[in-house]
Every structure is written in structure tokens, then in C-alpha cells.
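Written below as C-alpha cells is the structure these notes are about.
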There are 2 protein chains.
Amino acid sequence: MSAQDKPNRGARAHHPGPEELVQTAAMARRFYLEGKSKIEIAEEFGLSRFKVARTLEAAVRDGLVRLEVRLPAELDDELSDALRTRYGLSHSIVFRCRPEDADDPAQVTRRLGSVTAGLLAEIVMDDDILGLIWGPEIEALGPELTTLARCSVVQLCGVTPLRPVDANAVEAVRRAASVARGPVYPVYAPLLLPDAATAGMLRRQPGIVEAVSRFDRITKAVITVGAWGPGLSTVYDALSAAEREEYRLRGACAEVSGHLLDAEGRDVAPELTERILAISLDELSETPEVILLADGVVRSEATAAALRTGLFNGLVTDTGVAERLLA
Amino acid sequence: MSAQDKPNRGARAHHPGPEELVQTAAMARRFYLEGKSKIEIAEEFGLSRFKVARTLEAAVRDGLVRLEVRLPAELDDELSDALRTRYGLSHSIVFRCRPEDADDPAQVTRRLGSVTAGLLAEIVMDDDILGLIWGPEIEALGPELTTLARCSVVQLCGVTPLRPVDANAVEAVRRAASVARGPVYPVYAPLLLPDAATAGMLRRQPGIVEAVSRFDRITKAVITVGAWGPGLSTVYDALSAAEREEYRLRGACAEVSGHLLDAEGRDVAPELTERILAISLDELSETPEVILLADGVVRSEATAAALRTGLFNGLVTDTGVAERLLA
DNA sequence: GCGAATTCTGCTCATATGAGCATTCATTTC
DNA sequence: GAAATGAATGCTCATATGAGCAGAATTCGC
């Protein structure tokens, strides 16, 4: 009884017969696969070029022609693109993990390191001053670096003396410099110091001042983000229980280069700045390229907070984080 | 202008980094999936439209973008197209059989009927005079016919009284006419008669003359082809052993509308013409559209012979036959 | 180092293509 | 039967695109 039951309206659903299907497919092959022009096709089939255009349009719409964009499987171009647009990034890379690795944070971090190494090989140019923060992600980056333009490498923060693996912080920096055949400026000092005076003194130490003095000339920085919880942030782990609670109350949910941010990306602990040995947020904001590495959904909110600072123009992350960032 | 940020061209090794991959994918998506123009994409990514064009070109070449043409699975557009070009046909439809059906001739024939029904629904127009030959293929066609323009339906040959199923010959014609809401002209007589006189007499019989007199006005004919062997041709089965051998010696390898053809498509038994009740080859050659139905590789050579007559401008067949026709 | 070969880039200009419109044709609706 | 509706077709004209070329940059070979 409805209007659509009328035989003619069925023409909208238009059930194409085999002849039409075959001809449409032939035209599609000519156009998409053989690269013929629509005008040539029109001549071959005795149609107007407009008819050809409309037929091909319909063929794509009806799925007769499938246009598929697929990256080498380990990268998710769709999420990358969405993030890039959403957060106005210049670089946005979302990598995929095989299902069996998705639950193994170490595996995910390794993948992150590998992808980041590729990115650096691509975007670092001769005479760049490359700054690397510390973090498990940077540790994973080190061994993956195999190609890099001639550049200097500067360590952007001190190490946390709590874990033996921290040697890798410096190791990654050295490795990068070695690959880059350029000078290296490591920081052999703790990240968090008891007071501003000590920090200030260390900043002037030979061997450290060489790195620190370059913080305002970094051209490309690679930064990680920590979440406000045990094992998720070097600063968190280094603070006393009272301090942790204090900053929690102030809304700290992310740690970037030793600075604590709330969900809006505001620095909630400016006074800490004097006690840490790391590139400042101001210096970062002067750095032309700042890449944020973030893996693991546990760091999703922290990553969102970090992005809100507007400091970052690049992001490398996994699909899990990417999906939360877009939700 | 943007000469300052030229990426490190270590890309000579053909090894694009993740950034390039992701950006290329994003551009490909814009162009192929979102329908943006290359100029728009160039603006968005800050590139020249030429760069965009070259990047997309490379993306297609390297398989990053897959352009796939695929028919609803039961039709083979590639073979169809190849046959169409090779034999200069206006209609060429090659259907695929599921592997489990490929060895069951009855199934293949059923598929042929179904596809042909679709083709007829497409190409038959009001006031056409549709001619149907007899054959198992036509039997299979009958039940599949569901849509047809208003046209007359003429049976193009007599039946072979050897098998009870032959009733279906007339049945298919009736069914077609019923779907077409038009007049029907069946032939209630045998295909092969003992002599020319009997045949001539029958041709003038009321009820038969109505059909026969229309043989020279058919606008669209559907013809099957038989091979020269037992069970593969109605004429073969109706002849005596001596006659069979005689015609075999003359090179008969195909039977079309009761006429015997050699491998070159020549009529090797003109004298039979007077003894059969079927549309003549001359009349067929005057018919604007003649569709040949051929299924089963056993009929491959016969089909090739039939096509060599130049009588046919349409072909419906299965992948097996199509491949042999192209070999 | 210094040319030579190669690649990459953006340009011009001819061609291909798309958006929108007018016409035709078929069908519906009163 | 006449008017209205709607789909299909082909046109004009502005825009998008490709082929081929010249200059710039890069790499190569000595």
C-alpha cells in the first residue's frame, strides 16, 4: 500500500540485471584498473561520458567497486587521521598491536619505540637538536634507532635513581647520538631534587650545564606522559605520600617532563619546577616540534591532559589510547 | 616557500616511514573515499597539487590503495569482458558456479537459466518478439522468469518426443508469455520429421503456422547449442546410427536450432533443413539479437563452432566454457 | 671538491571532469 | 485525458587533472 510498493518506485532500488552488472564492471575496470578516461570508455561502449560518470559513481556507491586504503597493518591510518584533525597535530601516528600483545604493556611499549624510531628517521634533519625525555618509551626507542640524520642529541631531564633500569635513559640518548653521528649531551643527575638550591647548583655543573643550556634551542623534542599513580610517573614514585596526596587534591592527573598537570592541562605544581632537572613547559612551548609518546589506556586521561596544553604538535600512540582520545 | 621543511630524503631505499605512510593514507582517504579534489588536499597538507597527484599515484602503485572491481560473486566480469571483446559480442555474461556445483551439470544449467532470465528481463522491451529454442537450458530458464516487458513469445522449434520432460519446452514458452502478458505461439510438433513433405505439411498446420510465420520477424532469440554426441543434441538422439556416423564424417560438431555445424561454423547438413521444424540459420541471421546459451565444458567446441557462424551477438555461459573459448 | 647524472619539483597548457540546468520520457494522479 | 511528478539524459561552462618540460636540488663518480 505504501508508495514504495509501486512497481515503478522499485526502480529506485533498481535491481540491475547481469548485463548491466557485467557492463558496469567492464567500465569500472577500464577506468580504475586500466586508467582509461571516461571519454574513451564512453566511446568504446557507445555512451555519453556523463552516463559513464554516473554509472561509475553508482558502482562505487553500490560497492561494485571497492576503494580500500590500507596501511601495512601495523598502523591505523583512520585513527591517525582523526586524531590529527581533532587535535590539530602535524604528526599523528596510531599503531596497532596484535591481539595477543595488546594486553602486554611491555610489548606495546616496544612497538611504540619501533614506530617512533621510524618517525624520527623521517622527520629529523641535519643540524637538528633532538631532545629526548626519559621514560620507558624512550628506553624502547633506543634499540630501534637505526637511521637518523646528523644531529645533536640532548637529554631533557635527569634520571630517577629508584630503578636500575634508569641507566637506559642515558643509554637511549647515547644510542641516538651514535646513530646520528653527532654530539650528545646527557644529564647525569637525578630528576627530582630536595630543594631549588640543589637543583640550581646541579644545573650549573659541568657536564650538566651543556645539556641544560640547550633546552631553549631544541628543535625536536620527544616527550612522554605519565599518569598520576604508582609506577606510572617517575615524579609520583619519587614523592612522599603526603606530597602525592596534596597534588592529587590539586587535580594532578598527568606528568609531563616532571611537571604536573590537571585534566585541563594546567600546571598544578609550579613550585616543583624549581626542584626538577628537566626542560620547562615554557622551553617546550618554544620548541618547534614536540612529539608526545603515549601508550597504554591507563595513560589515556593523562595523554588528553597533556594534549590540552597545546605544547605538542605530534603524537605517537596505540589504538586503545587513540580511541579514548576520540571518545 | 616551504622549501625550508624538506624531510630527510633517506627514502631512496623505498622505505617510507610511518609519518609518510600515515600522511599518504590520509590523502588517499580524502581523495578516494571522501571525494575531495587533489587541489583541496594539497591545500590541507600544504603541498602542491602535483605532489599530491604523484603521491597518490605511488600509493596505488605500491598497493597502499587497493582498487577492486568485484561483481556479486556469481558473475565473472573479467571473462565476460574478454569474451565480449574477443568475439565482438554485444552481450557476454559468464557466470561462476560454486565449486560444489561445478561438477553437477543440472546445477550449472539451473544457474544458466537464472542468469539468462535476468538478462531477458533487462534487454527485452515492449513489442519485442521473443523467440525461444528448445533445450534443457530453456527448461531451466522457464521457472526463473519473473519479469519481462510486454512482448510476444514464439517457440522456435518443434519438440523431441523422446523424453517426457519435453513438455517443459512448451511450458517454458508459456511461462515466458505469461510473465510478459503477451501472446504465445507454441509449436506442438516434433523437431525432426521423416521427410521434407511431412515437415512442410506441418509447417502449414493451424497452430503451427502462427509460430513458423513469425520466424522471420523475431527481434530477440534465445538459442542453445548441442554437441555431436549422445545426450548432447536433440537431433543426434533422433537420428539413426548410420546418419549419425555420416554427419560425424562430414565434421559435425555442433547443433544449433536443428542445424549441424562443423568446427568452422559451416552447415554440414543442409538437407536436414527441410526435415526439421525450426528457425533457419538465414532467419536467425536476420534476427537483431541472438543470444547463445552454452553450459558445460563438454559443449565448448560446439560453442566455439556456433560463435564462428557470426549469427550470435550475445552469449551466456559458465566459466569453464569461457576459459576454453579464450584459450 | 667539482662536474655529471639523476631525481624532485612546480609550471604551462591542453584535456578530462563535475555541477547544475534544461529537456525528454515515462508514470502517476486527479 | 491532462497536468504533475520524477527519473534519465545530454548540454554548457567552470574547474580539476595529466603530460611533458625546465629549473633546482641531490647524489654519484672520480
Side-chain angles (χ1 to χ4, degrees), chain A residues 1-17 19-20 23-24 27-28 30-62 65 67 121-122 124-127 147 149-150 181, chain B residues 1-17 19-20 23-24 27-28 30-62 65 67 121-128 147-151 181:
Chain A
M1 278 298 218
S2 81
Q4 276 147 5
D5 289 340
K6 289 160 188 169
N8 192 31
R9 295 308 179 97
R12 177 155 305 166
H14 191 222
H15 208 320
E19 163 77 1
E20 189 180 340
Q23 166 148 318
T24 301
M27 298 197 308
R30 295 281 189 290
F31 186 76
Y32 288 106
L33 270 27
E34 299 171 15
K36 305 268 185 191
S37 81
K38 295 179 182 177
I39 293 178
E40 285 177 294
I41 297 166
E43 279 161 4
E44 173 180 350
F45 290 87
L47 304 167
S48 78
R49 69 182 179 86
F50 305 99
K51 178 67 178 168
V52 173
R54 283 171 181 135
T55 303
L56 291 180
E57 202 179 328
V60 172
R61 177 163 28 79
D62 301 346
V65 172
L67 302 173
E122 232 181 323
V124 169
M125 294 178 294
D126 286 355
D127 302 324
T147 318
R150 261 175 215 282
R181 296 144 298 167
Chain B
M1 286 205 172
S2 54
Q4 72 238 19
D5 57 308
K6 54 189 181 199
N8 178 17
R9 285 294 159 217
R12 59 181 165 249
H14 228 66
H15 201 310
E19 164 76 1
E20 189 180 339
Q23 166 149 318
T24 302
M27 298 196 310
R30 295 282 189 288
F31 186 76
Y32 288 106
L33 271 27
E34 298 172 16
K36 303 269 183 191
S37 81
K38 294 179 182 177
I39 293 177
E40 285 177 294
I41 296 167
E43 279 161 4
E44 174 180 348
F45 290 86
L47 304 167
S48 78
R49 69 183 179 87
F50 305 98
K51 178 68 179 168
V52 173
R54 284 169 181 137
T55 303
L56 292 181
E57 203 178 326
V60 171
R61 175 163 29 79
D62 302 346
V65 173
L67 301 174
E122 233 180 321
I123 66 169
V124 169
M125 292 179 300
D126 286 356
D127 303 323
D128 258 337
T147 318
L148 217 46
R150 260 176 216 281
C151 67
R181 297 144 296 170

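Letters go in sequence order (proteins before strands), and every chain restarts at 1.
- The shortest side-chain heavy-atom distance between A:Gln23 and A:Leu47 falls under the 4.5 Å cut-off.
- A:Glu40 places its CD atom 15 Å from the C1' atom of D:dT17, with the value rounded to the nearest Å.
- Contact of the A:Phe31 side chain with the A:Val52 side chain is not registered, since no non-hydrogen atoms from C-beta on lie closer than 4.5 Å.
- Remark: the backbone N or O of A:Ser37 is paired with a side-chain donor or acceptor of A:Glu40 at under 3.5 angstrom.
- Between the axis at the start and the axis at the end of the helix from C:dG1-D:dC30 to C:dC30-D:dG1 there is an angle of 30°, using five pairs per end and rounding to 10 degrees.
- Dashed line: the shortest gap from a side-chain N or O of B:Lys36 to OP1 or OP2 of D:dA16 is not under 4.0 Å.
- If you take CD on B:Glu43 and CZ on B:Arg49, they are separated by 11.5 Å, rounding to the nearest 0.5 Å.
- Comparing A:Ser37 and A:Arg54 by the nucleotide of DNA chain C whose heavy atom lies nearest to each, the residue mapping closer to the 5' end is A:Ser37.
- For A:Glu44 and A:Arg30, the salt-bridge test passes: some basic side-chain N is under 4.0 Å from an acidic carboxylate O.
- For the atom pair B:Phe50 CZ and B:Thr55 OG1, the distance stands at 13.0 Å (nearest 0.5 Å).
- Nucleotide C:dC8 holds its C1' atom 14 Å from the CD atom of B:Glu57, rounded to whole Å.
- Taking every heavy atom of residues 44-53 of chain A and every atom of DNA chain D, pairs under 4.0 Å involve A:Ser48, A:Arg49, A:Phe50, A:Lys51, by number.
- B:Lys38 places its NZ atom 16 Å from the C1' atom of C:dG10, with the value rounded to the nearest Å.
- A straight line from CD1 of A:Ile39 to P of C:dA14 spans 16 Å, rounded to a whole angstrom.
- Straight-line distance from the CD atom of A:Glu43 to the C1' atom of C:dT17: 15 Å, rounded to whole Å.
- Distance NZ/A:Lys36 to CD1/A:Ile41: 8.5 Å, rounded to 0.5 Å.
- Looking only at side-chain heavy atoms (C-beta outward), B:Leu67 and A:Leu33 come within less than 4.5 Å of each other.
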